[in-house]
J.: 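Once you've had a glance at the structure underneath, I'll fire off some questions.
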Amino acid sequence: MQPWFTDAKLGIFVHWGIYAVDGVQESWSFYDDIVPHDRYMSQLDRFTGAHYDPRAWADLFARAGAGYAVLTSRHHDGVALWDTAYGDLNLGRDHLTGYADALREKGLKVGLYYSHSDWNHPDYASTRKPGRPPEMEDNRYSECSAEDEDLEAWERFLAYRDGQIRELASRYRPDLMWFDGEWDRSEEQWRIKELAALIRSYSPDVVFNARMLSEGDYATPEQGAPIEPPAGPWELCLTINDSWGYQHHDHNHKSLTQLVRYFAETIGGGGNLLLDVGPMEDGTIPQPQVERLEGLGEWIRKHAEAVYGTVRGLPAGHHYGPSTLSADRRTLYLTLFDIPRSEIGVRGLVTPVRKVTVLGTGTELAHRVVGGLHEAVGVLWIDPPAGSDLDPHATVLALELDGELELYRGSGRF
């Protein structure tokens with residue numbers, strides 16, 4: 001795993017494609033026969049990108065505090081955002097060069113989303129996943145019956161896939177490749193190891209998400225915040241409203257306070273938040289999403305010390321809220337989501353606390369340890385912050401420790 005990824009904390013997911021023209025669900029709307037296929041594909045001729053400004057995107061993502069972004073170079077519908085020489089479905093122009101250049105100008109890492117599956121390619125539905133139960137209903141866009149399998153057609157599809165991946169890897173040298181659609185076939189059918197080697201031949205330090213199967217570098221939970229965070233590197237991909245791509249009717253945006261909570265809980269569990277925006281077909285990011293990214297960025301800047309350069313914090317049970325820990329393990333950062341009505345308790349801290357301050361204001365809070373017997377340590381009680389020391393979304397306390405963090409995890413004396 002590349003160090004930049006685990007320290008990024010925030011990435012921006014961008015779902016942009018022809019589905020934004022009519023505001024329908026990306027790819028799945030024709031796959032599930034919600035929108036007729038010909039109507040879905042008619043969006044290709046109506047997609048303009050007229051106000052696409054990748055530098056404005058990059059500037060917004062940087063203000064949000066992100067370390068990287070991931071753009072859908074090609075979703076399951078097979079429509080490419082660059083002028084690919086492979087296949088017939090592309091926008092006739094390159095939308096990726098400006099994106100990659102703009103991100104790098106702002107010091108952000110470049111991520112590209114690419115779907116293993118392509119439900120529009122004539123050779124894609126030429127085989128099926130091994131072991132698939134015969135009673136499972138076939139979908140004409142993704143698979144064929146066992147007696148109709150055509151392995152030569154599948155080889156043609158893989159050659160097309162490899163051609164597009166070679167273009168992406170050689171032209172844009174992505175720092176991260178975010179794959180999707182892996183469920184349709186087996187690792188052997190996808191030829192994952194060969195695919196990874198192809199990309200690494202151009203970008204040796206590329207990071208892969210878990211949907212590159214055995215070659216994946218980190219876990220990718222989607223939409224649902226994990227109760228038990230993954231043990232290694234991970235990333236929660238989350239929409240700001242209920243949709244990945246732009247949908248006209250979806251105004252159910254998460255509040256800024258909710259997004260701050262998602263973010264704090266994610267980094268407290270050692271992960272990154274990959275927060276999704278869905279630009280309109282002209283390339284404009286909807287204003288409610290812009291406002292939330294800017295608001296999240298303001299909160300992150302105020303509490304940057306507790307965000308960047310930190311690792312996952314206390315296990316559950318020590319503090320009622322998320323926390324992070326400085327890389328040297330000598331400063332513990334506690335997040336308070338609600339206005340405390342009384343002292344804040346922290347259990348199991350073996351390492352003495354030198355000082356407690358409110359991050360962003362510097363106000364020092366009194367603290368004391370009560371109780372404890374033998375190896376079972378007492379409870380640290382911290383006076384509650386009040387007034388201007390309280391952040392409207394989440395308040396962070398910095399606990400300066402007298403040495404590296406050591407915790408008591410026992411059950412006490414019986």
J.: So, D184 and K129, do they make that salt bridge, N to O below 4.0 Å?
T.: no
J.: Could you grab the distance from atom CG of L176 to atom CG of D205, nearest 0.5 Å is fine?
T.: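 The CG atom of L176 sits 12.5 Å away from the CG atom of D205.
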J.: Just how far is it from atom CZ of R93 to atom CG of N90, taken to the nearest 0.5 Å?
T.: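 R93 atom CZ to N90 atom CG measures 9.5 Å (nearest 0.5 Å).
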J.: Are S27 and Y19 close enough that a side-chain donor and a side-chain acceptor fall under 3.5 Å?
T.: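 Side chains of S27 and Y19: no pair found under 3.5 Å.
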J.: Grab the two heavy atoms, one from A69 and one from F61, that are nearest each other, plus how far apart they are.
T.: CB-CD1, 3.9 Å
J.: State whether Y99 and R104 meet the cation-pi test: NZ (Lys) or CZ (Arg) under 6.0 Å from the six-membered ring centroid, and within 45° of the perpendicular axis.
T.: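 No, R104 and Y99 do not form such a contact.
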J.: Please report the closest heavy-atom contact between L81 and W16, naming both atoms and the distance.
T.: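 Scanning both residues, the minimum pair turns out to be CD1-O, 3.6 Å.
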J.: Could you give me the CA-CA distance, side-chain angles and deciding distance for E105 and R55, then say whether salt bridge (charged side-chain N to carboxylate O under 4.0 Å, His left out) is met?
T.: CA-CA 9 Å; E105 287 172 6; R55 282 190 170 85; 2.8 Å; yes
J.: Between E155 and R191, does any NZ, NE, NH1 or NH2 come within less than 4.0 Å of an OD or OE carboxylate oxygen?
T.: yes
J.: Rounded at 0.5 Å granularity, tell me how far CZ in F179 sits from OH in Y114.
T.: 8.0 Å
J.: Can Y141 and F30 be said to form a ring-ring contact (aromatic ring centres under 6.0 Å, His included), step by step?
T.: CA-CA 9 Å; Y141 296 113; F30 76 80; 5.0 Å; yes
J.: Roughly how far, to the nearest 0.5 Å, is CD of E167 from OH of Y172?
T.: 7.5 Å
J.: Judged by atom type as modelled, is there a donor-acceptor pair below 3.5 Å linking the side chain of D250 to the main-chain atoms of D242?
T.: yes
J.: What orientation do Y160 and H121 show, parallel under 30°, tilted 30 to 60°, or perpendicular over 60°?
T.: tilted
J.: If only atom types and distance count, is the side chain of R173 paired as donor or acceptor with the main-chain N or O of Y202 below 3.5 Å?
T.: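 A pair under 3.5 Å: yes.
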J.: Could you pull out the closest heavy-atom pair between T335 and A264, with the gap in Å?
T.: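 Smallest interatomic distance, heavy atoms only, reads CG2-CB, 4.2 Å.
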J.: Check whether any side-chain heavy atom of T357 sits under 4.5 Å from a side-chain heavy atom of L399, and report yes or no.
T.: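 T357 does not reach L399 side chain to side chain.
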J.: Going from NZ on K302 to CG on D391, what distance comes out if it is rounded to the nearest 0.5 angstrom?
T.: 4.0 Å
J.: Would you tell me whether S126 and E149 have side-chain atoms, one donor and one acceptor, within less than 3.5 Å of each other?
T.: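 There is no such pair (donor and acceptor under 3.5 Å, judged by atom type) between the side chains of S126 and E149.
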J.: Does the side chain of E281 pick up a donor-acceptor pair with the side chain of T48 at under 3.5 Å?
T.: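 Per modelled atom types, E281 and T48 side chains form a pair under 3.5 Å.
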J.: More than 12 heavy atoms of other residues, nucleotides or ligands under 6.0 Å from CG of D59: is that the case?
T.: yes
J.: Can a donor-acceptor pair be found, under 3.5 Å and without considering hydrogens, that links the side chain of S170 to the backbone of R166?
T.: yes
J.: Regarding T239 and N241, is there a side-chain donor-to-acceptor distance under 3.5 Å anywhere?
T.: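 Side chains of T239 and N241: no pair found under 3.5 Å.
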J.: Can you check whether L325 reaches T331 side chain to side chain, under 4.5 Å on heavy atoms?
T.: no
J.: Any Lys/Arg nitrogen of D402 or K355 sitting under 4.0 Å from an Asp/Glu carboxylate oxygen of the other?
T.: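 Salt bridge absent between D402 and K355.
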J.: Counting C-beta onward and ignoring hydrogens, is there a side-chain heavy-atom pair between V70 and I12 closer than 4.5 Å?
T.: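 Not in contact.
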J.: Does the side chain of V35 reach to within under 4.5 Å of the side chain of Q25, using non-hydrogen atoms?
T.: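 No, their side chains stay 4.5 Å or more apart.
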J.: Side chains of H393 and T257: is there a donor and an acceptor less than 3.5 Å apart?
T.: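 There is such a pair (donor and acceptor under 3.5 Å, judged by atom type) between the side chains of H393 and T257.
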J.: Does CD in Q287 sit with more than 12 non-hydrogen atoms of other residues, nucleotides or ligands closer than 6.0 Å?
T.: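 Result for CD/Q287: enclosed.
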J.: Indicate whether any N or O donor in one side chain lies under 3.5 Å from an N or O acceptor in the other, for Q164 and Y86.
T.: no
J.: Are Y52 and D282 linked by a side-chain donor-acceptor pair shorter than 3.5 Å?
T.: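 There is no such pair (donor and acceptor under 3.5 Å, judged by atom type) between the side chains of Y52 and D282.
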J.: Search all heavy atoms of A62 against all heavy atoms of L108 and return the closest pair with its distance.
T.: N-CD1, 4.1 Å
J.: Mark yes or no for whether D7, through its side chain, and G309, through its backbone, hold a donor-acceptor pair below 3.5 Å.
T.: yes
J.: When rounded to the nearest 0.5 angstrom, what is the spacing between CG in L274 and OG1 in T220?
T.: 8.5 Å
J.: Under 3.5 Å, is there a donor on one side chain and an acceptor on the other for W190 and E182?
T.: no
J.: Between R292 and D276, is the closest basic N to carboxylate O distance under 4.0 Å?
T.: no
J.: List the atom of V21, the atom of H248, and the distance in Å for their closest heavy-atom pair.
T.: O-CE1, 3.6 Å
J.: Would you call D123-R161 a salt bridge at under 4.0 Å N-O?
T.: no
J.: Is it the case that the side chains of S115 and H75 hold a donor-acceptor pair, with the cut-off being a distance below 3.5 Å and no angle test?
T.: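 No, because no side-chain N or O of H75 sits under 3.5 Å from a partner of the opposite role on S115.
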J.: Using the six-membered ring wherever Trp is involved, compare the ring planes of W119 and H76 and label them parallel, tilted or perpendicular (cut-offs 30° and 60°).
T.: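 Ring orientation, 0 to 90° scale: tilted.
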J.: Assess, by modelled atom type and distance only, whether the side chains of T127 and E143 contain a donor and an acceptor separated by less than 3.5 Å.
T.: no
J.: Measuring centre to centre across the rings, with the benzene-like ring taken for any Trp, is W178 within less than 6.0 Å of F208?
T.: no
J.: Is there a donor-acceptor contact under 3.5 Å linking the side chains of R409 and H318?
T.: yes
J.: Under a 3.5 Å distance rule, please check whether Q289 uses its side chain to pair with a backbone N or O of P286 as donor and acceptor.
T.: no
J.: Give me the ring orientation class for H15 and F13: parallel if the planes are under 30° apart, tilted from 30 to 60°, perpendicular past 60°.
T.: perpendicular
J.: Using the rule given for side chain to side chain donor-acceptor pair (under 3.5 Å), can you reason through Y40 versus S29, listing the C-alpha separation, both sets of side-chain angles and the distance that settles it, and then say yes or no?
T.: CA-CA 8 Å; Y40 182 94; S29 53; 5.3 Å; no
J.: With D389, which residues qualify under side chain to side chain contact (heavy atoms under 4.5 Å, CB included), at least two apart?
T.: V358, T361, T363, P385
J.: Give the minimum heavy-atom separation between F157 and D118, together with the two atoms involved.
T.: CE1-CB, 3.7 Å
J.: Under a plain distance cut-off of 3.5 Å, with no hydrogens placed, do R46 and S42 share a side-chain donor-acceptor pair?
T.: yes
J.: Has D94 got a side-chain atom pairing as donor or acceptor with L96's backbone, closer than 3.5 angstrom?
T.: yes
J.: Can you run down the salt bridge (charged side-chain N to carboxylate O under 4.0 Å, His left out) pairs that involve residues 209-231, sequence neighbours left out, and say none if there aren't any?
T.: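 Listed once each, the pairs are D180-R211, K193-E215, R200-E215, R211-E222.
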